[in-house]
Amino acid sequence: MSESNHVELLLAGEEATENLGRELAKAMAPGVFLDLRGDLGSGKTTFVRGLAQGMQLSSQVRSPTFVIATLHEGEIPLLHVDAYRLEQQEELALHGWNDWR
């Protein structure tokens, strides 16, 4: 049985959002899954940019809206998926989800 935790945060801008990502990176381990939800422009990619910095990943983080997913290689790889345009969960399989797990 998997444990699910839900946290809702209101952060004071882009710098605070990136800083949270950098701090959370200290707790990253293989297999950790973060489900970030929010409207367009709410800071999800900004958070992931901070997370990647904190994980010492050198690749540039951009929103994968049009490519659906971007894999950032590192000691612990970071798969950044944007499912915003997908209408059904099953569509992830069409974009290689099973290859990334």
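With hydrogens and angles ignored, the 3.5 Å screen pairs no side-chain donor or acceptor of K44 with any backbone N or O of D35.
Here the side chains of L34 and F47 are in contact, with some heavy-atom distance below 4.5 Å. At a threshold of 4.5 Å between non-hydrogen side-chain atoms, the residues E14 and R49 count as touching. The closest side-chain heavy-atom distance from L51 to V61 is not below 4.5 Å.
The line from CD of E23 to CD of E18 is 13.0 Å long, rounded to the nearest 0.5 Å. If you take CG on L20 and OG1 on T46, they are separated by 11.5 Å, rounding to the nearest 0.5 Å. Here the CG atom belonging to L10 is positioned 9.0 Å from the OG1 atom belonging to T17, to the nearest 0.5 angstrom.
The two atoms that bring G74 and L57 nearest to each other are CA-CD2, 3.5 Å, heavy atoms only. Counting all heavy atoms, side chain and backbone alike, G54 lies closest to A25 at C-CB, 3.4 Å. Of all non-hydrogen atoms in I76 and A29, the two that sit nearest each other are CD1-CA, 3.9 Å.
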